[in-house]
Amino acid sequence: MIKADIKKQLKDGQLLHINKAFVTGSITRVTGPSGAGKTTFLKMLAGLIKPDEGLISVDSNEWFNSAGSINLTPQLRKAGFVFQDYALFPNMTVMQHLKYACGDNDWIDDLLKIGGLDSFTDKKPLHLSGGQQQRLAILRALAIKPNVLLMDEPFSAIDVKTKMKLLADLQTLLRDMNTTVIAVTHNPQELDGIATDELIIGED
Amino acid sequence: MDLLPIWLTLKLAAITTAILLVIGVPLAWWLSAKRSVFKIIIEALITMPLVLPPSVLGFYLLLAFSPQNGLSKWLHNTFDVQLVFSFPGLVLASVIYSLPFMVSPVKSALQQLPVSLAQASYTLGKNPRETFLHVQLPNIKPSLLTATVLTFAHTLGEFGVVLMIGGNIPGVTRVASIAVYDAVEQMDYTSANQYSLVLFAITFIMVMGVFIYNKYQFKSPLE
């Protein structure tokens with residue numbers, strides 16, 4: 001169970017306050033208008049942005065507690081993170097991305113098959129299509145076998161057919177890993193039938 | 001033509017560039033991260049050689065390197081190392097003088113990398129050092145090469161600081177730029193022309209090489 005009760009003053013002055021519990025293994029869809037703080041919320045969970053105050057706990061571990069001055073680094077939290085701009089490393093091939101994240105070759109092979117990138121292992125991001133880049137970003141985040149997977153617009157560049165297949169495979173994989181997923185999406189219908197919970201940010 | 005000044009110049013440039021690669025790149029990385037007043041002061045100090053007249057910098061270095069003062073006194077008393085009118089002094093002065101040529105391009109390149117690259121590496125459990133070596137540094141190769149060549153070429157052409165700190169001791173501090181000046185003073189235009197041509201050719205080939213390399217081989221994948 002992930003519990004987050006955090007506050008953050010956004011750049012435009014508005015206060016972002018999230019108070020929500022995420023059940024282990026659940027898939028939560030996060031929606032809301034642009035600039036409401038969806039990405040900021042994900043980055044606060046990952047430890048990339050520090051909340052102004054509050055508490056983030058995962059099971060019995062505190063990741064952030066402003067009262068107790070606890071703020072685990074992203075390295076210690078190891079939450080899988082899929083960035084909106086993919087944040088792929090231009091100098092690394094598909095295989096090098098996954099090996100940089102983990103040393104388990106069998107796991108890497110499994111991921112490559114799930115993502116349909118097994119025939120592109122020696123390609124660098126520049127030579128991949130937008131959809132392939134996005135899939136690589138998802139696979140890289142999964143490579144560390146995270147307990148929490150945070151995704152920022154993870155399927156925006158993937159065509160419907162590929163998305164359906166990838167989602168089906170991912171769903172099985174995430175269920176097996178018992179990973180809690182929190183996915184930001186601008187499309188309220190995305191993840192219909194897959195999401196088990198919902199968080200709307202920026203609507204009173 | 002006496003080739004010793006050319007050899008001394010190349011040796012000085014190579015040692016200066018090697019030292020600046022070791023200290024300048026980490027310094028650029030440190031400066032590229034979050035801003036603070038302290039960092040702004042350090043960056044301004046590093047940039048000073050770009051705007052100060054070389055004679056002013058040379059004058060202050062001459063005072064600092066004097067065996068009667070601080071570190072120079074300790075070096076002189078402990079290791080019998082003399083910084084003024086010596087090759088080690090020239091190297092130290094060149095490192096200070098050429099520091100902005102290494103630091104500025106590398107710092108700018110690091111700041112232009114998307115922040116999310118380092119953040120992605122952190123979420124994979126990698127520390128800042130691993131992130132720098134495996135993610136950031138390989139993606140600024142063109143700028144790193146440019147900074148290296150600029151530093152080398154700038155050291156080749158150094159004159160004012162070298163003259164103030166090193167003087168004109170054959171085989172010790174008489175580098176090519178000093179040799180040109182010395183030859184002109186003695187109305188030996190043939191030697192001056194030869195030294196000048198060699199310096200021009202070396203720097204032109206290096207700068208051309210960087211342009212070609214960056215354009216065809218190592219165009220940044222982020223461009």
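Each chain gets a letter, A, B and so on, in the order its sequence line appears, and its residues count up from 1.
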Residue by residue, scan residues 97-120 of chain A and write down, ordered by number, those that have a heavy-atom distance under 4.5 Å to chain B; if none do, write 'none'. A/Y100, A/A101

Under a 4.5 Å heavy-atom criterion, the part of residues 173-181 of chain A in contact with chain B comprises none

Out of A/L48, A/L76, A/I144, A/L150, return the one with the most heavy atom pairs under 4.5 angstrom to chain B. A/L48

Pick from A/T73, A/D85, A/V82: which one has the most heavy-atom pairs with chain B under 4.5 Å? A/D85

Within the side chain of B/N139, is there an N or O that forms a donor-acceptor pair under 3.5 Å with the backbone of A/F89? no

With a 3.5 Å distance limit and no angle check, can you tell me whether A/N91 reaches the backbone of B/H134 through a side-chain donor-acceptor pair? yes

Can you say whether A/K124 sits under 4.5 Å from chain B via the side chain, the backbone, both, or neither, judging by heavy atoms? neither

More than 12 foreign heavy atoms under 6.0 Å from CH2 of B/W7: is that the case here? no

Please check if the number of heavy atoms outside B/F87 that lie under 6.0 Å from its CZ is greater than 12. yes

Going from CG on B/L124 to NZ on A/K78, what distance comes out if it is rounded to the nearest 0.5 angstrom? 8.0 Å

Excluding sequence neighbours, so at least two apart, what forms side-chain hydrogen bond (donor to acceptor under 3.5 Å, both in side chains) with B/T131? B/S121

Does a side-chain heavy-atom distance below 4.5 Å link A/P146 with B/T123? no

Only pairs under 3.5 Å count here: list side-chain donor-acceptor contacts from residues 48-56 of chain B, not counting sequence neighbours, and write none if there are none.
none

